[in-house]
Amino acid sequence: MVLEIWKKIKKKDIAPIYLLYGTEAFLINETKQLLLNHILDEEEKDFNFSAYDLEETSVDFALEDAETFPFLGEKKVVFLHNPVFLTAEKTKAKVEHNLAKLEAYLKEPAPYTVMVISAPYEKLDERKKITKELKRNAELVEAKKLSEYELKKWVRDRAISNGMEFEENAIDLLLSLAGTNMFMLASEVDKLSLFAAEQKRIDSGLVEKLVARTLEQNIFSLIERVVQRKLDEALRIYYDLLKQNEEPIKILALLSGQFRLIYQVKELSRRGYGQQQIAAYLKIHPFRVKLALGQAGSFRDEELANLMEMLAEADYQMKTGGMNKSLLIEMLLFRLKR
């Protein structure tokens, strides 16, 4: 688990080789930054840190660097980005790599070098010998989307590192408002920490006041008001979106997407799928599934089927120019209330 590896890094329990792989860019970037900051001081970074893009540079050059003694220091850090030889995906790279030399290095890494191989791919090619050798000899960091529990723990830990206590219900509200993008969440937690500098505590009131809503989260809130049959509040959110120059066609697309998700999770849940299984099947974050399941209970199957037909009809009318686009969604909201 990536959070456990971060703990080890902070305790200066550093491995000679790391393999970071997966598509959650924040986790890869954060791990690289943690390693760099806990191995080298600011002055040493100028002399003992180097990075290579393996789509453009042969791994041979990186290995020569890794085997060279550090300058005026005890350790050096070498980053290897985009190791195309670990994936079956087609790439533009036309560089020859001496993988036999890399395999030899993996078995006897330089004791003064920390090598970090960053592979931002959804899957590695497990058939290749070099992939097997790396998994055997490196500390593995799988950069996949965190579960709801892990995400909440990460938010809490980041607040603690800022000297803050984060109330549990405030974390739930933060995820509901800002979504699960970790870059955005990191920015919001740091911003909240600045505003809570005196009380050292982040509560729901502060989150409600300061956290920026994404368009997707505004759409979710709009649907919540529809679920609760609060048309006036739903319309208020919609008018606010128009004031922010959001395009009606984009709002309609997001509305359709959310209702489609509600329909899908309701059906999959009926078939016996659990929250994590649904998330994996639909390739979305489990927290989104949890929220959609909460909304799904407010709709009968026939209602959802009718809603999907109404949304499809509105999409057709909007694209054929038969009616004012903003008025079309307003009328749709009135129909949804019934």
Side-chain angles (χ1 to χ4, degrees), residues 1-6 8-9 15 17-36 51-57 59 79-93 95 97 115-128 130-135 138-155 157-158 174-175 178-189 214-217 254 257-258 260-261 264-265 268 273-292:
M1 179 178 162
V2 64
L3 301 182
E4 294 301 318
I5 292 173
W6 287 358
K8 291 171 68 175
I9 293 171
I17 303 169
Y18 288 85
L19 172 61
L20 319 180
Y21 66 101
T23 55
E24 184 58 79
F26 181 90
L27 296 179
I28 289 180
N29 291 351
E30 193 79 354
T31 305
K32 290 192 293 188
Q33 200 60 49
L34 275 175
L35 284 166
L36 199 54
Y52 298 89
D53 184 346
L54 298 183
E55 288 187 342
E56 300 177 357
T57 306
V59 73
F79 283 176
L80 278 62
H81 297 132
N82 304 317
V84 292
F85 44 77
L86 295 180
T87 177
E89 297 176 16
K90 291 184 179 180
T91 63
K92 300 176 182 178
V95 180
H97 295 288
M115 178 179 285
V116 183
I117 302 173
S118 175
Y121 313 121
E122 187 171 355
K123 292 181 180 179
L124 302 181
D125 192 341
E126 303 287 348
R127 300 167 298 177
K128 294 183 177 181
I130 187 61
T131 304
K132 295 174 183 175
E133 288 296 327
L134 259 172
K135 286 201 164 185
E139 179 84 80
L140 304 179
V141 179
E142 186 178 4
K144 63 180 181 179
K145 290 189 181 298
L146 300 183
S147 67
E148 182 185 349
Y149 170 80
E150 292 168 334
L151 198 59
K152 288 182 177 181
K153 184 178 187 308
W154 170 75
V155 168
D157 289 348
R158 190 172 185 95
L174 172 65
L175 296 180
T180 56
N181 181 295
M182 295 187 73
F183 285 104
M184 183 174 290
L185 284 173
S187 175
E188 293 295 345
V189 172
T214 64
L215 174 58
E216 288 78 5
Q217 293 308 312
L254 290 170
Q258 183 63 25
R260 191 179 306 114
L261 176 61
Q264 289 171 322
V265 298
L268 290 170
Y273 284 65
Q275 185 175 312
Q276 294 292 335
Q277 291 173 308
I278 295 173
Y281 183 81
L282 297 178
K283 296 183 179 180
I284 59 174
H285 197 281
F287 191 72
R288 282 194 65 198
V289 174
K290 177 183 176 181
L291 295 177

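Computed from a prediction, not measured in an experiment: that's the story for all the values here. Only heavy atoms go into these numbers, but all of them, side chains included; no hydrogens, no water, no symmetry mates.
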Practice item. Could you tell me whether the side chain of Val95 reaches within less than 4.5 Å of the side chain of Glu55, counting heavy atoms only? Key: no

Check your understanding: Is it the case that more than 12 heavy atoms not belonging to Glu122 sit under 6.0 Å from its CD atom?
Key -> no

Review point. Do Asn82 and Pro120 come close enough that some side-chain heavy atom pair is under 4.5 Å?
Key: yes

Review point. So, do Thr180 and Lys145 sit near enough that their side-chain heavy atoms are less than 4.5 Å apart?
Key: no

Practice item. Identify whether the distance between the nearest side-chain nitrogen and carboxylate oxygen of Lys128 and Glu133 falls below 4.0 Å. Key: no

Check your understanding: Distance from Met184 atom CE to Leu174 atom CG, nearest 0.5 Å?
Key -> 10.5 Å

Study note, to complete from the structure: In this structure, CG of Leu134 is separated from CE of Met115 (nearest 0.5 Å) by 9.0 Å

Review point. Do the side chains of Glu148 and Lys152 get nearer than 4.5 Å, heavy atoms only?
Key: yes

Review point. Which atoms form the tightest heavy-atom contact between Ser147 and His285, and what is the distance?
Key: C-CE1, 4.1 Å

Review point. Under 3.5 Å, is there a donor-acceptor pair between the side chain of Glu56 and the main chain of Asp53?
Key: no

Check your understanding: Do the side chains of Leu261 and Arg288 get nearer than 4.5 Å, heavy atoms only?
Key -> yes

Exercise for review: Under the side-chain contact (heavy atoms from CB on, under 4.5 Å) rule, what do Phe85 and Thr131 come out as? Steps first, then yes or no, please.
Suggested key: CA-CA 9 Å; Phe85 44 77; Thr131 304; over 6 Å; no

Point to revise | CZ/Phe183: more than 12 non-hydrogen atoms of other groups inside 6.0 Å | key: yes

Point to revise | Test log, rule side-chain contact (heavy atoms from CB on, under 4.5 Å), inputs Leu54 and His81 | key: CA-CA 6 Å; Leu54 298 183; His81 297 132; over 6 Å; no

Practice item. Mind running side-chain contact (heavy atoms from CB on, under 4.5 Å) on Leu282 and Val265 for me, showing each step along the way? Key: CA-CA 9 Å; Leu282 297 178; Val265 298; 4.0 Å; yes

Exercise for review: Before giving the answer on side-chain contact (heavy atoms from CB on, under 4.5 Å), spell out for Val2 and Thr31 the whole-Å C-alpha distance, their side-chain angles and the decisive distance to 0.1 Å.
Suggested key: CA-CA 8 Å; Val2 64; Thr31 305; 4.0 Å; yes

Check your understanding: CH2/Trp6 to CG/Leu34 distance, rounded to the nearest 0.5 angstrom?
Key -> 6.5 Å

Review point. How many angstroms lie between CG in Leu175 and CD in Gln217, if you round to the nearest 0.5 Å?
Key: 9.0 Å

Point to revise | For the student: nearest non-hydrogen atoms of Pro83 and Ile117, plus distance | key: CG-CG2, 3.7 Å

Review point. Is there side-chain contact between Leu86 and Asp125, with at least one heavy-atom pair below 4.5 Å?
Key: no

**Study point:** Atom pair CG (Leu36) and CZ (Phe79), whose distance is rounded to the nearest 0.5 Å
**Key:** 5.0 Å

Review point. Could you give the distance from CG (Leu124) to CD (Glu142), rounded to the nearest 0.5 Å?
Key: 9.0 Å

Study note, to complete from the structure: Tightest non-hydrogen contact, residues Leu185 and Ala178, listed as CD2-CB, 4.0 Å

Check your understanding: Is any NZ, NE, NH1 or NH2 atom of the basic residue among Glu126 and Lys132 found under 4.0 Å from an Asp or Glu carboxylate oxygen of the other?
Key -> no

Point to revise | Contact check, side chains of Leu140 and Ile5, non-hydrogen atoms, under 4.5 Å | key: no

Point to revise | Student check: side-chain heavy atoms of Phe287 and Leu151 closer than 4.5 Å | key: no

With a cut-off of 3.5 Å and sequence neighbours excluded, list every side-chain donor-acceptor pair involving residues 18-30.
unit_1, atom_1, unit_2, atom_2, d
Tyr18, OH, Ala15, N, 2.9
Glu30, OE2, Arg158, NH1, 3.4

